Amino acid sequence: MRPRARLLVLCGVALAGAVPAAALAAPLTLDGAYTAARQGKTARQILGLAFPGARIGSARPAVVRVLVADLAPRVVVAGSRPLRMIDEGRRRAAPRQLLPGHRYRLLRRRGSFVLDDLDRPHSRALLRGPVRIQPGSARAIRLADPLDRRYRGTLRVVAEAGRTMRVVNVVDLEHYVWGTLPGQMPSAWGADAPQALVAGAIAARTDVLFRAGAAPLTADDPLYLGVDGERPATTLAVTGTRGRVLTQGAVYFAAGFPVGDSGPVALIPSLGVPNRLAETAPARPVPGTQPGLGPLAVARVRTFLGTPYLWGGASPAGFDCSGLVQYVYGLLGARLPRVAEDQARAGTPVPRDQLAPGDVVFFADSTGYVHHEGIYLGDGTFIHAPHTGDVVRVASLSAPGYAAEYAGARRYSA
């Protein structure tokens, strides 16, 4: 069964009750807010048109609990920097340090949680649970399975029916709005209608506090994508209005902007232009490299054409994208890190017009998250392990998805 995603919100604020929806029905649509901003109206004026009688005030800091996945048969987490894992079932147990770049899998077995480091064999540990994962010095925690998404705050893994688990993201209100506002207003408005985004940030924050006293929300209402949903223009609007909310009689209310007669919609934030990490990160030597590895890597990787994709796979039994690259170069003596983002920081950056066979090409979204890679063959093509259900095969850099997300290349020859 595919894990379900739901949304629960619990905020550390007291609510006096709800204002009847009819009393605060917004006469201003989403497009109307955009038009008003284009006409020079301020965020305060836009909110006044949308929510007559409401006042702008301040809210105390709040904590939001987001159920990001449930009925998960496995949970895999990773971080670009060390993470901390706490076994809440053993109060005196010291926090466990999770190594950067390693993927840690949690499974349910006989009433316990089983923890495996997928990048270090024979490292199994038993936890009583629930299990709490904290970011430590990391910017975010990557929930690699089941969602392959990154979250700020902490992740709490709790047992569910059978051997499944649910994952709750515990995050402060401001960071939660960072991840939801782009699904309510296009971040592109920051270029010509920034005051609409400012008004949207205040309204979105108000709406979360109102919903704290309502029934549980779903992941689609509002759309919450964690770090991968954040966009610079919307984040700027949220940080610039920190803690600002709308009230009427000290009460929060449903403060969404409708979309005319078509009703409310959820916007999927566009990927935009990726951060070319592989081109901009400084050169870093790779142990075991020597001159001339590129053509040898191409010859080796061709022998794995047709091998099934396997998430976490790094052997001929099955490969994921970074596992394929690590294995091929490992056969030639090069010792690469395991995950794509770390491989994008290893070796030497290569401009696109200087690509040579054996170079490794990377792909990222606009947040800078490097999520895919392959080994360049020449003539604009590369070999990669695409995704579950597919096999190792050849693809073109000019294909729409890869062209839009190209994030640079690295060379691992000495």
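Because only heavy atoms are used, hydrogens play no part in the values below, and waters and symmetry mates are left out as well, while side chains stay in. All of these numbers come straight from a predicted model, not from anything done at the bench.
Rounded to the nearest 0.5 Å, atoms CG (L107) and OG1 (T164) are 12.0 Å apart. Taking CD of E405 as the start and CZ of R276 as the end, the distance is 12.0 Å to the nearest 0.5 Å. How far CZ of R105 is from CG of D145: 9.5 Å, rounded to the nearest 0.5 Å. Rounding to the nearest 0.5 Å gives a distance of 12.0 Å between OG of S187 and CG of L236. Separating the CG atom in D70 from the CZ atom in R166 is a distance of 8.5 Å, to the nearest 0.5 Å. D87 CG to L126 CG: the interatomic distance, rounded to the nearest 0.5 Å, is 10.0 Å.
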Verify side chain to side chain contact (heavy atoms under 4.5 Å, CB included) between M85 and L127, making sure each step is shown before the conclusion.
CA-CA 10 Å; M85 177 174 284; L127 307 173; 3.7 Å; yes

For the pair D320 and R338, evaluate salt bridge (charged side-chain N to carboxylate O under 4.0 Å, His left out) and give the outcome as yes or no after the intermediate values.
CA-CA 11 Å; D320 62 16; R338 177 62 178 85; 3.1 Å; yes

Trace of the ring-ring contact (aromatic ring centres under 6.0 Å, His included) decision for F382 with F362:
CA-CA 11 Å; F382 63 100; F362 295 89; over 10 Å; no

What's the verdict on side chain to side chain contact (heavy atoms under 4.5 Å, CB included) for V64 and V66, showing C-alpha distance, side-chain angles and the deciding distance?
CA-CA 6 Å; V64 180; V66 187; 3.8 Å; yes

Full working for side chain to side chain contact (heavy atoms under 4.5 Å, CB included) between L98 and R84
CA-CA 6 Å; L98 306 187; R84 297 172 75 241; over 6 Å; no

Decide salt bridge (charged side-chain N to carboxylate O under 4.0 Å, His left out) for D119 and R103; before the verdict, give the C-alpha distance in whole Å, the side-chain angles of both, and the deciding distance to 0.1 Å.
CA-CA 6 Å; D119 298 296; R103 297 156 305 143; 2.8 Å; yes

One pair to check against side chain to side chain contact (heavy atoms under 4.5 Å, CB included): M165 and R108. What are the steps and the verdict?
CA-CA 8 Å; M165 294 161 282; R108 290 281 295 154; 3.5 Å; yes

Please step through ring-ring contact (aromatic ring centres under 6.0 Å, His included) for the pair F210 and F253, ending with a clear verdict.
CA-CA 5 Å; F210 165 76; F253 56 90; 7.8 Å; no

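Judged purely by atom type and a 3.5 angstrom limit, N169 uses its side chain to pair as donor or acceptor with the backbone of T154. At least one donor-acceptor pair closer than 3.5 Å links the side chain of R128 to the backbone N or O of G89. Between the side chain of T381 and the backbone N or O of A395, no donor-acceptor pair lies under 3.5 Å. Panel note: side chain R393, backbone D390; no donor-acceptor pair is recorded below 3.5 Å. The backbone N or O of V63 lies less than 3.5 Å from no partner atom in the side chain of D172, so there is not a single donor-acceptor pair. Put simply, the side chain of R231 never gets that close to the backbone of P182: no donor and acceptor are under 3.5 Å apart. At least one donor-acceptor pair closer than 3.5 Å links the side chain of T206 to the backbone N or O of L246. Remark: side-chain polar atoms of T239 are paired, donor with acceptor, to backbone N or O of T235 under 3.5 angstrom. Within the 3.5 Å criterion, the main-chain N or O of L331 finds no donor-acceptor partner in the side chain of Y327. Judged purely by atom type and a 3.5 angstrom limit, Q343 uses its side chain to pair as donor or acceptor with the backbone of P337.
In this structure, E174 pairs ionically with R205, as a charged nitrogen and a carboxylate oxygen lie closer than 4.0 Å. By the 4.0 Å N-to-carboxylate-O rule, R124 lies close enough to D116 to be salt-bridged with it. The pair R284-D342 does not meet the salt-bridge criterion, since no charged nitrogen lies less than 4.0 angstrom from a carboxylate oxygen. A salt bridge links E230 to R152: at least one charged side-chain nitrogen sits closer than 4.0 Å to a carboxylate oxygen. Salt bridge status for E88 with R156: present, with a side-chain N to carboxylate O gap under 4.0 Å.
Annotation: cation-pi pair R352/Y406 present, NZ/CZ under 6.0 Å from the ring centroid and within 45° of its normal.
Heavy atoms from other residues, nucleotides or ligands lying under 6.0 Å from CZ of R90 number more than 12.
At a threshold of 4.5 Å between non-hydrogen side-chain atoms, the residues V361 and L397 count as touching. You'll find the side chain of T234 stays beyond 4.5 Å of the side chain of W189, heavy atoms only. Put simply, the side chain of P295 does not reach to within 4.5 Å of the side chain of P357, judged on heavy atoms. The shortest distance between side-chain heavy atoms of Y151 and V171 does not fall below 4.5 Å. Looking at heavy atoms from C-beta onward, V76 lies out of side-chain contact with Y104 at the 4.5 angstrom threshold. Taking the side chain as every heavy atom from C-beta outward, V325 and Y412 approach each other to under 4.5 Å. Two residues are said to be in side-chain contact when any heavy atoms from C-beta on lie closer than 4.5 Å; I383 and L377 meet this criterion. Using a 4.5 Å cut-off on side-chain heavy atoms (C-beta onward), T180 and L223 make no contact.
Using a 3.5 Å distance cut-off with no hydrogens or angles, the side chains of E341 and H371 do not pair a donor with an acceptor. Looking only at atom types and distance, the side chain of Y34 has a donor-acceptor partner in the side chain of D192 under 3.5 Å away.
In this structure, Y176 has its ring center closer than 6.0 angstrom to the ring center of Y224. The six-membered or imidazole ring of H384 lies near that of Y402, with a centre-to-centre distance under 6.0 Å.
Each of D359, T289, T348 was compared with R411 under the side-chain hydrogen bond (donor to acceptor under 3.5 Å, both in side chains) criterion, and only D359 meets it.
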